[in-house]
Q: 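A single structure is presented below for examination.
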Protein chains: 2
Amino acid sequence: MLTQRSKYALRAMTMLAASKPGDLVLVADIAKQRKIPRKFLELILLDLKKRGLLHAKRGKNGGYSLARPANKITFGEIIRITDGPLAPLPCASLTAYRKCDDCEDEKTCGIRRIMRSVRDSSSAILDKATLADAFRAKQQF
Amino acid sequence: MLTQRSKYALRAMTMLAASKPGDLVLVADIAKQRKIPRKFLELILLDLKKRGLLHAKRGKNGGYSLARPANKITFGEIIRITDGPLAPLPCASLTAYRKCDDCEDEKTCGIRRIMRSVRDSSSAILDKATLADAFRAKQQF
DNA sequence: TGAATTGCCTATTAAGTCGCTCGACAATAG
DNA sequence: CTATTGTCGAGCGACTTAATAGGCAATTCA
């Protein structure tokens, strides 16, 4: 399950994706409109900024905007930043591989093989799904 | 990421799958061979038993065995018991659906749509992968 | 019958994570 | 200068996770 943190991040990002590119949006506005605790949201956005997904400007008339077009920012990126690796096991992760402490032989591990295919199918979806896709879905109705 | 609990469960179950069907295996033996804290493992196995995946017998010459053939027990079942729903969001779960507290309109939610497809692809794999599959993978080498 | 074995069950604990808040600071516009 | 707005560090309560402890209940077998 995604953490609340990740849910908030996705919601905030889809809101930014819906606003005009380059337009600056206030944390306070995002918090209000998406019902996210303001101070908590600050931390999340800051993180997304540090990882290059957002651009921020301080001071009056400041705010946040996407650092790239909405169709160039994927769910996978966002979730990895807020929640960590997508893979069910560290030994099945590409972006954050780690050997299992007590794994006898990784090559013959049936559990790993299956978790690896779960990882592959999940990231196939999440690394392809962009903010623009999510927004488009909303627009259809 | 799976919890330690789930990892232990999967390891224990694959060990039981490797033993002769109907044979009783001691908790202590599983714990030793798979390097799982014994008392912790007891709790896990008990849970799996209550949910119908294992059969147990008490007293001397007792132990655990699979309640069904290894090719009828899936990873999905095991993980749902030990870790809960597979879906990344409650609103995207089939087996444990729950509406998001503050979701405006589920039908138009782009996030949900994507998470739903992640769920679908994950469970397509995990509800098909059986203990026998994992064991077979190991045997190949 | 009774001792040994083995799973069943309830509590408890230590450490960590999650969700969130507070207060001060730094940059920027006007 | 002042108001605004993001940045940052610290901290906190509730919960979860991983594990331990200890006794009870069923079963075997001598």
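In what follows, chains are A, B, ... by sequence order, proteins preceding strands, each numbered from 1. Excluded from the calculations below are hydrogen atoms, water molecules and symmetry mates; all remaining heavy atoms, backbone and side chain alike, are included.
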Q: Distance check: side-chain N/O of B:N61 vs OP1/OP2 of C:dT6, anything under 4.0 Å?
A: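 Checking C:dT6 against B:N61, no side-chain N or O comes under 4.0 Å of OP1 or OP2.
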Q: Determine whether A:L94 and A:L86 make a side-chain contact, defined as any pair of heavy atoms from C-beta on separated by less than 4.5 Å.
A: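 A:L94 does not reach A:L86 side chain to side chain.
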Q: Measure from NZ on B:K35 to C1' on D:dA19 and round the result to the nearest Å.
A: 19 Å
Q: Please work out if A:L26 contacts a base, only the sugar-phosphate, or nothing of the nucleic acid, heavy-atom cut-off 4.0 Å.
A: sugar-phosphate
Q: Measure from the side-chain heavy atoms of A:Y64 and tell me the nearest of D:dT7, C:dC8, D:dA19.
A: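 Nearest to the side-chain atoms of A:Y64, counting from C-beta on, is D:dT7.
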Q: Using whole Å, what does the distance between atom P of nucleotide C:dC18 and atom CE of B:M1 come to?
A: 12 Å
Q: So, A:D133 versus A:T130: side-chain donor-acceptor pair below 3.5 Å or not?
A: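 Note: A:D133 and A:T130 side chains meet the donor-acceptor criterion.
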Q: For B:L41 and D:dT20, give me the distance from atom CG to atom P, rounded to whole Å.
A: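 Computing the B:L41:CG to D:dT20:P distance gives 12 Å.
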Q: Between C:dC8 atom P and B:R38 atom CZ, what is the distance in whole Å?
A: 12 Å
Q: Please report the distance, rounded to the nearest Å, between CD1 in B:I44 and C1' in D:dT17.
A: 11 Å
Q: With a 4.0 Å limit, can you tell me whether A:Y8 has a side-chain N or O closer than that to the phosphate oxygens OP1/OP2 of C:dG19?
A: no
Q: Rounded to the nearest angstrom, tell me the gap between atom CZ in B:R58 and atom P in C:dC9.
A: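 Computing the B:R58:CZ to C:dC9:P distance gives 7 Å.
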Q: Check the phosphate of C:dG7 against B:K57, side-chain N and O only, distance under 4.0 Å to OP1 or OP2. Yes or no?
A: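 Checking C:dG7 against B:K57, no side-chain N or O comes under 4.0 Å of OP1 or OP2.
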Q: Find the distance B:F40:CZ to C:dT13:P and express it as a whole number of Å.
A: 18 Å
Q: Which nucleotide, D:dA19, D:dA25, D:dG22, lies nearest any side-chain atom of B:K39?
A: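 Selected nucleotide: D:dG22.
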Q: Is it true that a side-chain atom of A:D23 and a backbone atom of A:S65 form a donor plus acceptor pair closer than 3.5 Å?
A: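 No; zero donor-acceptor contacts below 3.5 Å.
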Q: Between B:H55 (NE2) and C:dT6 (C1'), how many Å, whole number?
A: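 Roughly 14 Å, once rounded to whole Å.
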Q: Working note: B:R119 + B:S123, criterion side-chain hydrogen bond (donor to acceptor under 3.5 Å, both in side chains); need CA distance, chi angles, decisive distance, verdict.
A: CA-CA 6 Å; B:R119 187 223 87 97; B:S123 43; 3.1 Å; yes
Q: Less than 3.5 Å between a donor and an acceptor, one on the side chain of A:Q4 and one on the base of C:dC20, is that the case here?
A: no
Q: Could you check whether atom NZ of A:K99 has more than 12 heavy atoms from other residues, nucleotides or ligands sitting under 6.0 Å from it?
A: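 Atom NZ in A:K99 is crowded, with more than 12 foreign heavy atoms closer than 6.0 Å.
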Q: Indicate, with a heavy-atom threshold strictly under 4.0 Å, whether B:L43 touches base, sugar-phosphate, or nothing.
A: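 The answer is base, as B:L43 lies within the cut-off (heavy atoms under 4.0 Å) of a base atom.
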Q: On DNA chain C, does the nearest nucleotide to A:E42 precede the nearest nucleotide to A:L2 from the 5' side, or the other way round? Give the residue.
A: A:L2
Q: Of the listed nucleotides (C:dT5, C:dC20, D:dT4), which one gets closest to any side-chain atom of A:K60?
A: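 Closest nucleotide to the A:K60 side chain: D:dT4.
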Q: At 4.0 Å (heavy atoms only), tell me whether B:K50 reaches a base, stays on the sugar-phosphate, or touches nothing.
A: sugar-phosphate
